[in-house]
Structures are given as C-alpha cells and as structure tokens.
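Here's the structure, in structure tokens; my notes come after.
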Amino acid sequence: MKSRIFAKTEKKTMTTTPDAEWFARMRSDRVDDKTCQDFDNWLEEDVSNEVEYAVCVTVSDLCNDLKGDPEIEELYQDGRKENRNLTRSKVKLFKSVPAVPRALMALAACGAMAFLIVTSLHSQKAGTYSTLIGEQRVVALNDGSTIEMNTECELEVDFTGHDRLVVLEKGEALFNVAPDESRPFIVKAGTGTVRVLGTIFAVLRDDSETRVSVLGGRVSVTASAADAGKKASEETALLQGQELLVNASGYVAVIDGTSLDRIDAWRQGKLKFEDIPLDEALREINRYVTKPLLIGDDALKSMRLTGLFYIDRLNTVAGSLERALPITATEGRSNIVLREKVVAP
Amino acid sequence: MIKGRPALKIVDATRREPGPGNLAEAKRAFIEEVIGTHERVLKRYLQRILPSAEDVEGVLQEVFLRLAGHENPQNIEGNFRAYLFQIARNLATDRFRRQRTRRVGDHVSFPADDLISHNPQPDTSSEDLERGARLKSVLRELPPKYRSVLIGHVVKEMTYPEIGEDLGISVKTVQRYMAYAVTHCKQRLRGIV
C-alpha cells in the first residue's frame, strides 16, 4: 500500500526540465556523435539553455561535495530497499526477513499474499523497446494493452509504479490501451504527457514537436513548459478524430485529424499519398529508409504525388518514383538525389 | 553590454608579462572581445545561482581576471564558452564552500588552467557542514529511488548500468530519474546555497 501512496505523490510533484534531461542524457555512457551534435544545437538554440545547463552541472558539483559524508551510504541504500519491497518476488521478500517470528509471518501472510498477487498481475518489469529504420513491431503488455511501434521508434515501459507509464523517446507508436480505471495509462513524449484510462491513440515524436492523434475514446494531454520558470499548462481533452500538437516550448494546438489516414496506412505496412506535394511525400518516405531521397532541383518542388507504397519494399521506391514522375534518381553513397528529367529536343 | 556598468578594464594582468608590447596589446584586445561576447550569458548564469548581486559582480570580475592571468588565452582550445562557464562554475561553487574566507582578486596570478583540474578540498568549516545538511534535506525530499540514482552517479561515481543493476531498474529509467532528481535540486537551489 505504501507504494501506492508513493506513486501518487511522485506523479503530482515530479517534473523534469529539458536542461536536466540533457544533463542526464549526456552523463550516460551511450552518448554518440549524433547526440553530441543534437546537444550542441540545443545549447545554441537559446542562451537560457546554456545557463540552465550550467546550473545542472552546479547542482552536481554541490552534490559531489557530499563525498565522504557518513550519511550518504544510508541515503543511497534507501532506494535499494524501496526496490526490494516493490519488485522482488514473494520468495525473496520472505527470505529477506528471516528474523521475523513465525507467528507474525503467518499473520502477515494473508495481507502480503494479496498484495503480491495484485502486483504480479499489474506490474510489468521496466523494459526498453525499439525498432530500426523501416521496422515495425507490436508489443503486447501484460495488462492487455498493445503498442504498435512504427519505424525508428524507441520507448520505455515502466509498470512498476501505480501508473502504467510509457516514455516515448523517439518515433511513432500507436497505443491500444486496455481499460483500467484505477491505473491511468500515461505516455510521456517530449514536452507532452498523454493520460488515458482506456482508448486507442497514436503519438509521434520528432525533433521539434509531439503529435497526439486519437483514434477512439478520449485522452487528456498536458504540455510541460520547457523552461523551469513557466507553469505547466492545463490539461487539454481530445476526442476521437482529433489531433494535438505540442512544440518544444510547451505550446499546444488542437488541429483537425489530418493524420488518421496516414496512421491507418502505416498500421497496414503501407504509405498512402493522395495528390500531396512531392517534398512532403519524401519527408514521410525518408522516415523509413536508411538512404534518404533528396530533392536536387527546384522543378520538383511543384510536383505532386499520388500512390501506394509498401513499407517493406521502399528500397526500390526511387525506381517507382522515376516511373510515376518526370524525374531521374541518382544513387550516391549516403542518399539518393532526384532531379527533373531532361528531355532531349 | 550590461547597462550601468563600464566594461571591465584589464590593467594589472598584462603588466606581469615582459614580452613584446604588441603581444600584450593583442591579448588585451582579445579579452575585451571575450567580455563583450560572453559577459551577458555568464552573468545570467551567476544570477541564477548566487544569492546577491555583489557576489555576481565579484565572480564575474574574477572570471575575466583569471582569464587575463592566463599566459595565452587566445590559444585556449576547444569550446571557449564552455571553458568560461567552467571557470565561473568553479568560482561560484568555491564561493559557497568558503564564503568570505577569500577575497576577489587573490588569484590573479594563477593561470586559469589550474581551474580546469580544480579539485575541492575537503572542508569542515561550520558553514560547510550546514550546507551539507541543507543539501541532504533537499535530497530527502526526493523519492528514495530517485535519490539513490543521483547519489549513486554523482557521489559514488557509479555508471548508469551499474546503478540500474543495483536498483533493479532499466538504464533508461536511471537516466529519467537522474533528470527528475536534478530538476528537483535546481528548483530547491535557494534552499541549498
């Protein structure tokens, strides 16, 4: 029961700021060149990013001064104990308290068993799931919900607390949430937080914004302010067919459900374009391919595309485009450049 | 430039260098340019963490004085801004550590390089004990696991995978808890310093 109370307070009071997220990310040992580049770009975006990041480092410097403090080890161990009580199996829990008298154990057993059964039904070990470029994958969670992951997606599931929590690190995923009124299903993606009880919705997170599309039921979205001084915005309720955009600074816009057809198509492994500008279509195609298609001359910007493409056959997409439009494709080492076909007089 | 305050003038720093005059002149020009470019952002940072305007001005001056104490500031490699931030950070945290025991300008003769390998000396003055206690009470406000992540990484110098293994959470969760814990400490910074 203690865990429930804990989870509730956690939900109410805990927030993160982008600078702290960057700080935590840069301290991990999985920092690659791309991340460094993104980090530099983020720093340069705004001087306040630089300032806040330096404050994070200062906090860490100050904590570092606690080295050798006699209470530190005890403070650290608290978290380990917390973990044992919450997630270890029944056997381990019993083993870890050998000093407890038998009578007391027997008395506690009923309550403990009930607690453990509930947690084993409801808690799923925290895990990270990801897809490669062009890959799609369905994850079935043990609460009955499913997550359909689209190309280049990374998400983390944490069902150890009171809420069913998913953090969408990048990419796009569709959530078909099993109803459970006592345990909200929460998806965090960038500055947006989606909270539902049972519904079906998709979340797309790219570098600049998060898009939430509701396919069924209703969801509520909260945008967290990018800068620590601002208050988190209020909840926005979204109904079936509606979409919402949250940008990096926490600005929210509710829009018509323009991507519902697109989501429907990718779930079937297809990309469907109906008379849309070529560059827009290419942007979408490029999400699924390792060699992006680039526009090589301005003449292509006025072209429009209609067609159906299969995601698992996009390696031949350049050829299909050559047949559909007056263009030629030149394949380079890292990309494919499209240019207008020059017709001999 | 910040209104109401004249630009810093570098007077003493170059005098110690007997080299050719044009070299000293180039350095002076360089430092004045540095001040023009980076002063505002450094000031904003110092205002975020230091309690009084007096402290802010003091540290800001010392940052540039230390830079002037460097033999060849023009030759500092890498990200110059990050370098300035590092000096400012070290001086500011130093200020929490030994308030009033040092005076601005004491270290003009120190090459700024010393600050990069700066290592805080264990200090047991009553003010430090007090600050430690305040910091610990801010850490106690965090949920235990978040606190363990921060302490594990920053104080015990464990890697994320090591912490994850020990606490039974994924590496991504460690990273997330770290972000939460740092955000919390930032919000409570005034309670610490």
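Here is the naming used below: chain letters follow the sequence lines, and residue numbers restart at 1 for every chain.
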Original post:
Taking everything shown except A/Asp33 itself, do over 12 heavy atoms lie less than 6.0 Å from its CG?
Top reply: no
Could you tell me whether the side chain of [Y] reaches within less than 4.5 Å of the side chain of [X], counting heavy atoms only?
X        : Y        : value
B/Val154 : A/Leu66  : no
A/Val47  : B/Arg40  : no
B/Ser170 : A/Glu156 : yes

Subject >> Verdict with supporting geometry, B/Lys186 and A/Asp19, salt bridge (Lys or Arg N to Asp or Glu O under 4.0 Å) >> reply: CA-CA 10 Å; B/Lys186 273 181 67 197; A/Asp19 46 275; 2.3 Å; yes
Subject >> Those residues that, when tested against A/Tyr76, pass ring pair (Phe, Tyr, Trp, His ring centres under 6.0 Å) (two or more places apart) >> reply: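 Once residues adjacent in sequence are excluded, A/Tyr76 has no partner under the ring pair (Phe, Tyr, Trp, His ring centres under 6.0 Å) criterion.
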If I compare all heavy atoms of [X] with all of [Y], which pair ends up nearest, and what's the gap?
X        : Y       : answer
B/Leu135 : A/Cys63 : CD2-CA, 3.7 Å
B/Thr183 : A/Thr16 : OG1-CA, 3.3 Å
B/Leu167 : A/Gly79 : CD2-C, 4.0 Å
B/Ala179 : A/Ala20 : O-CB, 3.4 Å

Subject >> Sidechain-backbone polar pair: B/Tyr160 side chain, A/Ala24 backbone, donor-acceptor under 3.5 Å >> reply: yes
Subject >> Lys/Arg N to Asp/Glu carboxylate O, A/Glu21 vs B/Arg176, below 4.0 Å >> reply: no
Subject >> Among the listed options B/Gln47, B/Arg89, B/Met178, B/Arg140, the residue most often paired with chain A at heavy-atom distances under 4.5 Å >> reply: B/Arg89
